[in-house]
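Structure, as C-alpha cells:
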Amino acid sequence: MELDERKYIILKSIIKNYLDTGEPVGSRTISKLSDLNLSSATIRNEMSDLEEMGYLEQPHTSAGRIPTDKGYRFYVDTIRSDSRQKVRDVSDLMIRRVDRMEKIFTDLVKALARNTDYAALISGPTIENNKIKYIQLSVPEKGKLLLILVLDGNVIKNEVISIPEDLDQETVRNLDIMLNNHLAGLSLDQITTKLVTEMMVQAGDHKESVKAVIDAVVELIESDSEGGEVFTSGAKNIFKYPELSDAQRATELITAFEEKEELKRLVREVRDFCDDEEDEREKNEVRVYFGGEGPVKNMQNCSLVTARYEIGEGMRGVIGVIGPKRMDYEKVMETMENFKEQLDRAFRDF
C-alpha cells in the first residue's frame with residue numbers, strides 16, 4: 001500500500017494536531033480541515049490504512065489515533081525536506097535579488113554622474129534595528145561555511161566563515177533549521193547571552209561552529225547599521241575642471257572614491273544628520289556642503305551635494321554629487337530630486 005497524496009495530508013495533519021494537543025486525533029477533527037473536502041467515513045478508512053501501514057496506532061477502542069515511531073520519523077523527515085526546499089527556493093530568489101539590486105544601483109550612479117557631469121555616489125540601503133529574516137549555510141570547501149544572511153527589507157549579507165571542523169551537507173542543513181528557529185525575526189539587541197547558550201547546547205559537538213556563525217551574524221548586522229556598500233561613478237570627470245585636476249588634488253579625490261572608507265564615513269554623517277532633523281520633510285531635503293563644511297578631508301576644494309532617499313520597508317540611503325565649487329547647483333539639485341523618485345520607482349515592486 002502506497003502513501004498517496006491524500007494519506008500524506010491526513011497523516012501529516014494527525015501528527016501536527018497530536019503534537020499541539022497531546023490527545024488522540026479522530027476523523028471528525030481532520031474533516032474540519034479547510035484543505036480536505038472528505039467525509040468522516042472516508043477519513044476513518046484512510047486512518048485505518050495508515051494504522052495498517054504502521055504510521056498510526058489506536059490507544060484503545062473508539063479512541064482517535066496517535067503517531068507511532070514510524071509516523072514521527074515520517075513527520076521529521078518531511079519537515080526537513082520542506083526546509084531544504086525552502087532553502088533552495090530562498091537561495092535562488094536572494095541571488096536574483098542581489099544581482100538585480102546591484103545592477104539598479106550601478107546603473108543609477110552611472111546615470112547620475114553622466115547627467116550632472118560630476119562624480120556621483122549612491123549608498124546601498126540600511127535599516128535601523130534590522131531584524132533577521134532568514135539564514136542559510138552551505139559548504140564551499142572543507143573547514144569553511146558560506147553564510148547568507150537575509151534581513152528585513154531583503155537586505156542581503158554574506159561571508160565565508162572558518163570553522164574548526166569539516167561538516168557534511170546534512171549536518172549543515174540541520175544547523176540551518178536550528179539557527180532559523182532561534183534567530184528568525186530577532187533584531188541584534190534580542191540576541192541574548194541566554195539564547196546563544198541555548199543554541200550552543202543544542203548544537204552539541206558543533207557548538208564552536210555555531211558560535212562562529214552567530215559571531216558572523218552579529219558582525220554583519222552591525223556593519224549593516226554602519227552603512228551599506230557605496231556605489232560610485234564619474235571620478236574621472238574631475239579632470240575636466242582645472243581647479244581639481246592638479247596631480248595632488250586629483251589623486252586624493254580618486255583615492256577617496258576607490259578606497260571608499262571616507263565615503264562610507266560621509267554617508268554615515270549625512271544619514272545621522274538627517275535623522276536628527278525633527279521636521280520629516282527636512283530629513284530628505286537636498287543639502288549642499290562647500291569645501292571645509294564637508295565631512296571628507298580630501299574634498300576640501302570641492303562642493304558636495306547630498307540627499308537621503310527612502311524606499312520600501314523603511315530602507316534609507318544617501319545619494320551624492322561631488323564637483324567644483326562652481327558647479328551648476330540648480331541642475332544638480334533638480335537631478336538629485338529626480339533620482340530620488342527613480343530609486344523609489346525602481347524598488348516599489350522589488
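Between I132 and V217, the closest side-chain pair of non-hydrogen atoms falls below 4.5 Å. Looking at heavy atoms from C-beta onward, E165 lies in side-chain contact with S209 at the 4.5 angstrom threshold. Looking at heavy atoms from C-beta onward, I10 lies in side-chain contact with L50 at the 4.5 angstrom threshold. Between D69 and F74 the shortest side-chain heavy-atom distance does not fall below 4.5 Å. The closest side-chain heavy-atom distance from I322 to S303 is not below 4.5 Å. For the pair K133/L151, no side-chain contact is recorded, criterion being any heavy-atom separation below 4.5 Å from C-beta on. At a threshold of 4.5 Å between non-hydrogen side-chain atoms, the residues I319 and T306 do not count as touching. The closest side-chain heavy-atom distance from I191 to V196 is below 4.5 Å.
The structure places CD of E219 at 12.5 Å from NZ of K157, a figure rounded to the nearest 0.5 Å. For the atom pair T335 OG1 and E330 CD, the distance stands at 10.0 Å (nearest 0.5 Å). Remark: M47 CE to K7 NZ distance equals 13.0 Å, nearest 0.5 Å. For the atom pair K331 NZ and D117 CG, the distance stands at 6.5 Å (nearest 0.5 Å). How far CD1 of I43 is from CZ of R6: 9.0 Å, rounded to the nearest 0.5 Å. Interatomic distance, NZ of K194 versus CE of M199, reported as 14.5 Å (0.5 Å rounding).
In this pair, Y241 and Y118 present their aromatic rings tilted. The plane angle is within the 30 to 60° band. Ring-plane geometry between F105 and F231 is classed as parallel, the angle between the planes falling under 30 degrees on a 0 to 90 degree scale with a further cut at 60.
Taking the ring axis of Y309 as reference, the NZ or CZ atom of K340 does not stay both within 45° of it and closer than 6.0 Å to the ring centre.
Contact record, L137 with L145: CD1-CD1, 4.4 Å, taken as the closest heavy-atom pair. Nearest heavy atoms, K70 versus G54: CB-O, 3.4 Å. Closest heavy-atom contact between D176 and I135: OD1-O, 3.6 Å. Of all heavy-atom pairs spanning Y329 and V305, the tightest one is CD2-CG2, 4.4 Å. Here the closest heavy-atom approach between residue S31 and residue L38 is recorded as CB-O, 3.8 Å. The nearest pair of heavy atoms linking S233 to A113 is O-CB, 3.7 Å.
Judged by distance alone, the side chain of S123 and the main-chain N or O of V318 form a donor-acceptor pair under 3.5 Å. N17 contributes no side-chain N or O that, together with a main-chain N or O of S13, makes up a donor-acceptor pair within less than 3.5 Å.
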request  = Verify side-chain contact (heavy atoms from CB on, under 4.5 Å) between I122 and V230, making sure each step is shown before the conclusion.
outcome  = CA-CA 6 Å; I122 300 179; V230 178; over 6 Å; no

task = Go through the steps to decide whether R65 and E57 satisfy the test salt bridge (charged side-chain N to carboxylate O under 4.0 Å, His left out), and finish with yes or no.
result = CA-CA 5 Å; R65 266 72 168 189; E57 61 183 358; over 6 Å; no

key: side chain to side chain donor-acceptor pair (under 3.5 Å) assessment of E198 paired with H182   = CA-CA 9 Å; E198 289 175 0; H182 283 84; 4.7 Å; no

query = Please walk me through it: do D166 and V139 pass side-chain contact (heavy atoms from CB on, under 4.5 Å)?
reply = CA-CA 9 Å; D166 295 336; V139 182; over 6 Å; no

message = Between D215 and K211, is the salt bridge (charged side-chain N to carboxylate O under 4.0 Å, His left out) condition met? List the steps.
response = CA-CA 6 Å; D215 289 344; K211 183 179 183 302; 3.1 Å; yes

inquiry  = Applying side chain to side chain donor-acceptor pair (under 3.5 Å) to E51 and S48, what does each step give before you reach the verdict?
reply    = CA-CA 5 Å; E51 185 176 356; S48 296; 5.3 Å; no

query = Do Y55 and Y72 pass the side-chain contact (heavy atoms from CB on, under 4.5 Å) test, and can you show the C-alpha distance, the side-chain angles, and the key distance before you say yes or no?
reply = CA-CA 8 Å; Y55 290 104; Y72 282 124; over 6 Å; no

request  = Go through the steps for V210 and K207 under the test side-chain contact (heavy atoms from CB on, under 4.5 Å), then give the verdict.
outcome  = CA-CA 5 Å; V210 167; K207 63 181 181 181; 5.5 Å; no

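No hydrogens or angles considered: a donor-acceptor pair under 3.5 Å links the side chains of T171 and D168. K144 and S162 are linked by a side-chain donor-acceptor pair at a separation below 3.5 angstrom, with hydrogens and angles left out of the test.
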